[in-house]
Each structure stands twice: as structure tokens, then as C-alpha cells.
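Below: the structure, in C-alpha cells.
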Amino acid sequence: MQSLSPTQIDYLTRLRHDLHRAPELSGEEAVTAQGITAELTALAPDRIWTGLGGHGVAAEFKGHAPGPTVMLRCELDGLPIHEQSDLPYKSQVDGKGHLCGHDGHMASMVGVAMALAARPASGRVILLFQPAEETGAGAKAVIDDARWPDIRPDYAFAYHNVPGRPLGEIGLRSGPGNCASRGMQILLTGRSSHAAAPEDGISPAGAMAGLMATLGALGYGTIDQENFALSTLTHAKLGEPSFGIAPADGELRVTLRTMTNDRMDSLIAAAQAHIEHEKGPLKIEVRWHDVFRAVINDPEATKIARNVATDLGFTINEMPTPMRWSEDFGRIGDDGAKAAMLYIGSGENQPQLHNPDYDFPDALLPIVTDQFCGILARLLGPPTP
């Protein structure tokens with residue numbers, strides 16, 4: 001199957017490089033969204049939505065007969081990381097980079113839009129370019145948008161490129177695919193005092209020491225176990241740099257991670273119980289950040305992706321365990337769609353995601369477009385002019 005011509009692949013490669021030069025952070029993707037809207041408009045979809053959940057963009061391609069709605073989702077945002085490379089198309093924005101591959105994800109979905117010039121036999125296709133994936137806020141904002149009922153899919157698919165796996169290998173896993181995670185910020189407030197009379201103040205030091213030990217001990221098992229949990233201390237601050245003041249304030253930041261949403265609920269409850277036990281006379285506030293639901297891959301949707309990959313002759317990796325990193329796609333499945341995430345190898349010797357020298361491999365573009373066009377044909381019938 002060859003979904004696109006060499007000329008079209010060359011165009012997508014140039015588009016990917018242009019996107020790579022101009023990354024925007026989560027929630028700030030206005031210029032990226034404008035560029036994607038222009039690309040989609042030129043391909044004459046039946047409808048375009050803009051400003052979805054912030055800067056999200058979606059395009060609708062209708063089939064010739066009634067049928068299900070199939071969504072393909074990609075991401076708009078880059079990362080607050082300074083790119084370190086000699087690429088001719090390296091980031092031109094200081095301190096920001098497309099170091100997760102979302103530039104390639106966008107370019108490949110524009111490629112699918114090119115192929116949709118020949119409409120599917122039935123149903124409709126929604127291509128969603130989602131904002132704020134990196135913070136876990138974008139999918140919820142899109143689903144909360146008043147226009148979401150016009151877009152809501154019956155099936156949904158997305159992918160992420162995976163360094164360390166052979167280029168073009170299609171990773172699949174029914175059930176848990178990506179971990180749930182969230183950042184827990186714990187703010188402790190007491191009362192300062194002279195360092196010569198610490199008993200006259202209320203220091204958070206003891207509570208912080210206790211929590212640093214007990215919260216870290218909440219981790220359990222390994223990723224192949226259903227009750228897996230990981231609690232990682234990522235930041236601690238006590239008072240201000242001084243020798244004359246017994247501190248009043250403290251802060252801890254912890255990342256909680258589990259394989260399922262139910263396990264996350266129990267991990268949160270356990271963490272909050274430890275906080276309550278340690279708080280004493282302190283005032284404590286807990287704030288949540290970067291909240292990701294687990295990605296639970298639907299068996300039917302996963303089987304469809306597997307059958308397409310087999311027909312195309314792609315190597316399949318039947319993943320025995322989920323990814324420990326999180327993905328905002330989980331909320332799309334929570335909303336009722338039969339959803340599946342694909343984990344597509346981007347090279348065994350490639351730098352890791354979020355590394356400062358990471359770069360999406362252009363050789364993936366035709367592989368991804370073929371795979372996703374195959375999924376659409378499987379569900380909606382072969383395309384016709």
C-alpha cells in the first residue's frame with residue numbers, strides 16, 4: 001500500500017522541518033494551529049473546527065454513506081527544553097523544542113488528510129490536532145468544549161514514536177498501554193522563629209522529613225504487576241537560605257504513577273493519609289498538576305490496528321507491559337470511544353524522548369500514513385473519488 005506519492009512525502013518532510021523550527025509550549029500553540037488550519041483548508045475537508053479547548057484544530061472528511069466516526073489524534077505542543085543539535089532546521093525559539101516528536105505526528109496526520117482527498121466509502125473521519133498534551137490538560141479541555149458532541153468519535157486512534165525500537169515496528173497492547181500519573185505539590189506552612197529559639201516557631205522540617213521517607217515508600221512492584229505504583233520525589237524546599245531563622249514554609253513535589261486509574265485513586269488516598277498523619281499544627285495545601293489518565297487500549301480497536309499492520313507487512317511488537325510514561329490520549333477512551341494507542345518504533349539508536357538532541361525520523365512519515373490510512377479503510381471501506 002502506498003498512500004502518498006514521493007512528491008507528497010517530500011512535502012510532508014519539509015512541513016515537519018518547518019514545524020520543528022517553531023515549537024510552541026502547551027497552551028500557547030496559536031501560530032502552530034494557524035499553520036495547521038491553513039494546511040487542512042488547502043485539502044478541502046467538509047468542516048474545520050478551530051480554537052478547540054484552547055488552540056485545538058479538527059477537520060472532518062465525510063464518506064459517501066452513513067457509518068461510524070473514526071478519529072485520528074495528534075498533538076500540537078513542544079517542550080520547554082533547549083535543543084542541542086546541528087540540524088539545519090533546529091529550533092529557532094530559545095529554550096523550546098519539538099523534542100518529543102509532535103512535529104512528526106502533525107506532519108503524518110496532514111499526510112492522512114492528503115490521502116482523504118479520496119473520501120472513505122462510509123462514515124466520517126475526524127483529524128484532531130490536540131493542544132496541551134504535554135501537561136495532560138489538552139484532551140479534557142477539548143472534550144469540555146461545547147462543540148465536542150459534533151466531533152465525538154466511535155473509534156479513536158493515535159500513536160507515539162518510540163526510540164529504542166526498530167524503525168517502523170508497530171507496538172500494540174490491548175488493555176493498559178500508558179500509565180496514569182499526576183504531580184502532587186504539597187505546601188506546608190508553620191511559623192518562623194529565631195534559630196536560637198526554634199521551639200517558639202512551627203517548623204515544617206520534621207513533617208517534610210517524614211513525608212520524604214513515607215511517600216517514597218508508597219511505590220510497589222514492577223510495571224508487569226497489576227498493583228504497580230511509583231512515587232517519585234522530584235523537589236524539596238525548606239525555608240530560605242539562612243542561619244538565623246527557623247523556617248516557616250516548606251514544599252515537596254512528588255510524581256505518582258500507576259498502571260490503572262483505580263490504582264491511582266488508592267495511591268492518592270494513601271499519600272493523603274500520610275500527609276494527615278504528619279501535619280500536626282502545620283497548615284497543608286495539596287495542589288495537583290499534569291494529571292494524566294491511564295491509556296486503556298480497547299481490544300477491538302487494537303485488533304483492527306494489528307490486522308492492518310499484518311496486511312502491510314510491518315513488524316509487530318506485542319508489548320508485554322505498558323509504557324511507564326503517560327499520554328493524554330487516555331481521556332478520549334474514557335469518553336466512550338473504542339480507542340487504541342500505537343507505539344511505533346523510531347530507531348534502536350535514536351536519542352530518548354525529551355533529550356535535547358532528539359529528532360523525529362522523517363522515514364516514519366510514509367509508514368505512519370500507510371498504517372493509519374489502512375485503519376480508515378478497514379473501518380470505513382476503501383476510499384473513492
Side-chain angles (χ1 to χ4, degrees), residues 26 73 75 77 79-81 99-102 105 130 132-139 157-166 169-185 215-235 252-268 270-271 288-298 302 305 316-334 339-356 358 360:
S26 301
R73 187 228 64 168
E75 317 93 321
D77 51 342
L79 289 159
I81 301 173
L99 303 170
C100 200
H102 294 180
H105 297 177
Q130 182 202 305
E133 189 281 326
E134 294 288 355
T135 62
F157 298 86
Y159 84 98
H160 210 292
N161 68 98
V162 182
R165 301 299 307 182
E169 174 192 81
I170 308 298
L172 297 167
R173 189 175 199 276
S174 181
N178 293 81
C179 284
S181 71
R182 61 178 59 200
M184 187 180 199
Q185 181 186 20
L215 293 180
L218 289 175
Y220 173 84
T222 55
I223 191 65
D224 58 328
Q225 296 175 283
E226 184 176 355
N227 286 328
F228 164 76
L230 186 62
S231 179
T232 306
L233 180 69
T234 61
H235 176 75
L252 290 175
R253 296 194 180 201
V254 180
T255 299
L256 305 180
R257 194 175 304 276
T258 60
M259 192 168 66
T260 66
N261 296 317
D262 288 345
R263 184 68 177 94
M264 176 58 72
D265 291 341
S266 66
L267 183 60
I268 290 169
W288 298 103
H289 304 271
D290 294 4
V291 177
F292 290 84
R293 301 279 288 171
V295 173
I296 308 297
N297 292 316
D298 176 79
T302 303
I316 296 175
N317 172 28
E318 297 288 358
M319 296 164 51
T321 59
M323 292 291 187
R324 284 168 64 166
W325 42 269
S326 301
E327 230 294 341
D328 199 21
F329 186 62
R331 291 189 183 274
I332 305 295
D334 285 352
M341 190 89 187
L342 283 64
Y343 310 87
I344 302 183
S346 55
E348 293 172 277
N349 298 315
Q350 191 187 35
Q352 186 51 261
L353 300 174
H354 298 200
N355 277 20
Y358 171 84
F360 180 95

Please lay out, stage by stage, how Thr222 and Asp224 fare under the test side-chain hydrogen bond (donor to acceptor under 3.5 Å, both in side chains). CA-CA 5 Å; Thr222 55; Asp224 58 328; 2.2 Å; yes
Step by step, would you call Leu172 with Leu342 a side chain to side chain contact (heavy atoms under 4.5 Å, CB included)? CA-CA 6 Å; Leu172 297 167; Leu342 283 64; 3.8 Å; yes
Given the rule in the side chain to side chain contact (heavy atoms under 4.5 Å, CB included) test, do Leu233 and Leu215 qualify, once you have shown the distances and angles that lead to the verdict? CA-CA 8 Å; Leu233 180 69; Leu215 293 180; over 6 Å; no
Under the side chain to side chain contact (heavy atoms under 4.5 Å, CB included) criterion, do Cys100 and His354 qualify, and how do the steps go? CA-CA 5 Å; Cys100 200; His354 298 200; 3.4 Å; yes
Kindly determine whether Arg257 and Thr232 satisfy side chain to side chain contact (heavy atoms under 4.5 Å, CB included), including the steps that lead there. CA-CA 8 Å; Arg257 194 175 304 276; Thr232 306; 6.0 Å; no
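Using a 4.5 Å cut-off on side-chain heavy atoms (C-beta onward), Leu230 and Ser181 make no contact. Gln350 has its side chain out of reach of Phe360: every pair of non-hydrogen atoms, C-beta onward, lies at least 4.5 Å apart. Counting heavy atoms from C-beta on, the side chains of Asn161 and Tyr358 come closer than 4.5 Å.
Under the side chain to side chain donor-acceptor pair (under 3.5 Å) criterion, Arg173 pairs with no residue at all, not counting sequence neighbours. Under the side-chain contact (heavy atoms from CB on, under 4.5 Å) criterion, Pro80 pairs with Leu25, not counting sequence neighbours. Looking at residues two or more places apart in sequence or on another chain, you find a salt bridge (Lys or Arg N to Asp or Glu O under 4.0 Å) between Glu327 and Arg73. With sequence neighbours left out, the salt bridge (Lys or Arg N to Asp or Glu O under 4.0 Å) criterion links Glu169 to Arg165. Every residue was checked against the ring pair (Phe, Tyr, Trp, His ring centres under 6.0 Å) condition with Trp288, not counting sequence neighbours, and none meets it. Under the ring pair (Phe, Tyr, Trp, His ring centres under 6.0 Å) criterion, Tyr159 pairs with His105, Phe372, sequence neighbours left out.
Within the model, atoms CE of Met341 and CG of Asp298 stand 15.0 Å from one another, a figure rounded to the nearest 0.5 Å. Distance CG/Leu256 to CG/Leu267: 4.5 Å, rounded to 0.5 Å. Going from atom NE2 of His160 over to atom CG of Asn178 covers 9.0 Å, rounded to the nearest 0.5 Å. Atom CZ of Arg182 sits about 11.5 Å away from atom OG1 of Thr255, to the nearest 0.5 Å. Distance check: Glu75 CD to Asp328 CG gives 9.0 Å after rounding to the nearest 0.5 Å. Between Asn261 atom CG and Phe292 atom CZ the span is 13.0 Å, to the nearest 0.5 Å.
Trp325 approaches Val162 most closely through the heavy-atom pair CZ2-CG2, 4.5 Å. When all heavy atoms are compared, the tightest approach of Ser326 to Glu133 is O-OE2, 4.4 Å. When all heavy atoms of Cys179 and Met259 are compared, the closest pair comes out as SG-CA, 4.1 Å. Nearest approach of Leu218 to Ser231, heavy atoms of both residues: CB-CB, 4.2 Å. Scanning both residues, Asp77 and Ser26, for their nearest heavy atoms gives OD2-OG, 2.7 Å. The shortest non-hydrogen separation linking Ala139 to Arg331 is CB-CB, 4.0 Å.
Enclosure of atom CD in Glu226 is not indicated, since only 12 or fewer non-hydrogen atoms of other residues, nucleotides or ligands lie within 6.0 angstrom.
Between the side chain of Arg253 and the backbone N or O of Thr234 there is no donor-acceptor pair closer than 3.5 Å. At distances below 3.5 Å, not a single donor-acceptor pair connects side-chain atoms of Thr258 with backbone N or O atoms of Ala229. A distance-only check finds no donor-acceptor pair linking the side chain of Asp290 to the backbone of Gly136 [under 3.5 Å]. Asn297 contributes no side-chain N or O that, together with a main-chain N or O of Thr302, makes up a donor-acceptor pair within less than 3.5 Å.
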